[in-house]
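What follows is a short report on a single structure.
Every chain is numbered from 1 and lettered A, B, ... according to where its sequence line falls, protein lines coming before strand lines.
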Protein chains: 2
Amino acid sequence: MESTRDRLIAEATTLLDAGGPAAVTLREVGKRAGVSHNAPYKHFSGKQDLLAAIAARDLRQQSPAAGRRRRATPTEALRAALHRYVAWAVRHPQRFKLIFGAWSGDVAELYAAATEARAAWIELVVAAQDADELPAGDPERLMALLTAVAHGAADLALNGHLSRSGKGRANAQDLVDDLLDYLRG
Amino acid sequence: MESTRDRLIAEATTLLDAGGPAAVTLREVGKRAGVSHNAPYKHFSGKQDLLAAIAARDLRQQSPAAGRRRRATPTEALRAALHRYVAWAVRHPQRFKLIFGAWSGDVAELYAAATEARAAWIELVVAAQDADELPAGDPERLMALLTAVAHGAADLALNGHLSRSGKGRANAQDLVDDLLDYLRG
DNA sequence: ACCTGAACACCGTTCAAGT
DNA sequence: ACCTGAACACCGTTCAAGT
């Protein structure tokens, strides 16, 4: 059975995807969930808290630990996880922007989810290094480089800053592959 | 002499830097500029247009073509430009987020500024390739990889997703250097 | 051309009640 | 425990005037 809280989060997510945080008005969220315009205050301390709940949920769902499958090699597992990250960002731009936006107030849950995700990324990098498929060196730093490319490529793509035509044509996924190829030597 | 329009942009920028787009209220902007709460409408079609004016100005100021200096080698020139980009983002997070946010309405000026910036980046990459300091290949695609790292590293750093302690400690600038080192072989 | 002041439709948030 | 309805202070935007 779906609780009012779950329904509020679901409706808020729909509004977020459609028009960004500004489109998430507690009045409309309440209306769609079939409650009054300030019933949300009984479940969340305010709009920020409601948005944080969405961000924490998505950060957990999108963690590399979430969508694990068997791959031929450690590098292929890493590549698949990076591709999943980029695909998720391109598919849900507003959630992507939300998660990596400025956070104030109660960030404990978000922080925990981010830390967990980082650990999963490092694990993937270490496995690829152990298989001699990535250069040696501090895995945390190499992880940072890989996620920076995935993150940056996704954000640039979202905002139309990657060329969409001509010989320079590259999508965000291509850039991740380029980096992995360069790293493999 | 400073026009009302210039003063409005300046005050709006101050508010933006301090608290993001939500803190930029036309009422407060007008008040600080010494005019009524809707005088801004005589200079901009609305809040979006005022924010777009800030974004276009900053995009032009921050272009790699803007801060050019003589460097020992083409790679050092490229590295310096990437470092300038990252430093600017970390220094002005709200403007960085604004420029790479969702744009609706009159985006012509912004688009022109972005295209100009891309051309300047490509020039730097081509020079480094000609000096055999970067691998051959489509310069536009290599440029995309480099700017993706700079952009992504800056955004992750801004949101506290780069580790601040321990052996994995790396700031956004370090990641740019790491990529350039890997590319040089 | 540039600006003002009133007005309108919103929104987040608070509060006093209701069941 | 969960919800409602009125109310308050705000905000973007429009409009009719003013100089």
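When all heavy atoms of B:Pro21 and B:Leu16 are compared, the pair lying nearest together is N-CD1, 3.6 Å. Looking at every heavy atom in both residues, A:Leu180 comes nearest to A:Leu78 through CD2-CD2, 4.2 Å.
For the pair A:Arg141/B:Asp174, a side-chain contact is recorded, criterion being any heavy-atom separation below 4.5 Å from C-beta on.
If you take CG of A:Leu26 and C1' of D:dC3, they are 15 Å apart, rounded to a whole angstrom. The NZ atom of A:Lys31 sits 14 Å away from the P atom of D:dG5 (whole-angstrom rounding). To the nearest angstrom, P of C:dT14 lies 16 Å from CZ of A:Phe44. Per the geometry, CD belonging to B:Glu28 stands 11 Å off P belonging to D:dG12, to the nearest Å. As rounded to whole Å, 14 Å separates atom P of D:dG12 from atom CG of B:Asp49. The distance from atom CG of A:Leu51 to atom C1' of C:dT13 is 15 Å, rounded to the nearest whole Å. Residue A:Arg5 contributes atom CZ, which lies 13 Å from atom P of D:dC3 at whole-angstrom precision. The distance between atom NE2 of A:His37 and atom P of C:dT13, rounded to the nearest whole Å, is 11 Å.
Between the side chains of A:His43 and A:Asp49, no donor-acceptor pair is found at a separation under 3.5 Å.
With both pairing distances under 3.5 Å, C:dC10 is matched to nothing as a Watson-Crick or G-U wobble pair. D:dG5 is paired with C:dC15 under the Watson-Crick or G-U wobble criterion, all donor-acceptor distances under 3.5 Å.
A salt bridge between B:Glu28 and B:Arg32 is present, with a side-chain N of the basic residue lying under 4.0 Å from a carboxylate O of the acidic one.
Between the side chain of A:Asn38 and the base of C:dG12 there is no donor-acceptor pair of N/O atoms closer than 3.5 Å.
Counting non-hydrogen atoms under 4.0 angstrom, B:Val29 reaches nothing in the nucleic acid. Residue contacts shown for A:Lys42 include a base, since a base heavy atom lies under 4.0 Å away. Across all strands shown, A:His43 has heavy atoms under 4.0 Å from sugar-phosphate atoms exclusively, and none from any base. Counting any heavy atom pair closer than 4.0 Å across all strands shown, A:Thr25 reaches sugar-phosphate atoms only and no base atom.
Closest to the side chain of A:Lys47, from the set C:dC3, D:dG12, C:dG12, is C:dG12. Among the nucleotides C:dT13, D:dT13, C:dC3, the one closest to any side-chain atom of B:Val35 is C:dC3.
In this model, the phosphate group of C:dC3 is approached by a side-chain N or O of B:Thr4 to a distance below 4.0 Å at OP1 or OP2.
When each of B:Arg7 and B:Arg27 is assigned the nucleotide of DNA chain C bearing its nearest heavy atom, the one mapping closer to the 5' terminus is B:Arg7.
As rounded to the nearest Å, D:dA17 and C:dC2 have P atoms that lie 22 Å from one another.
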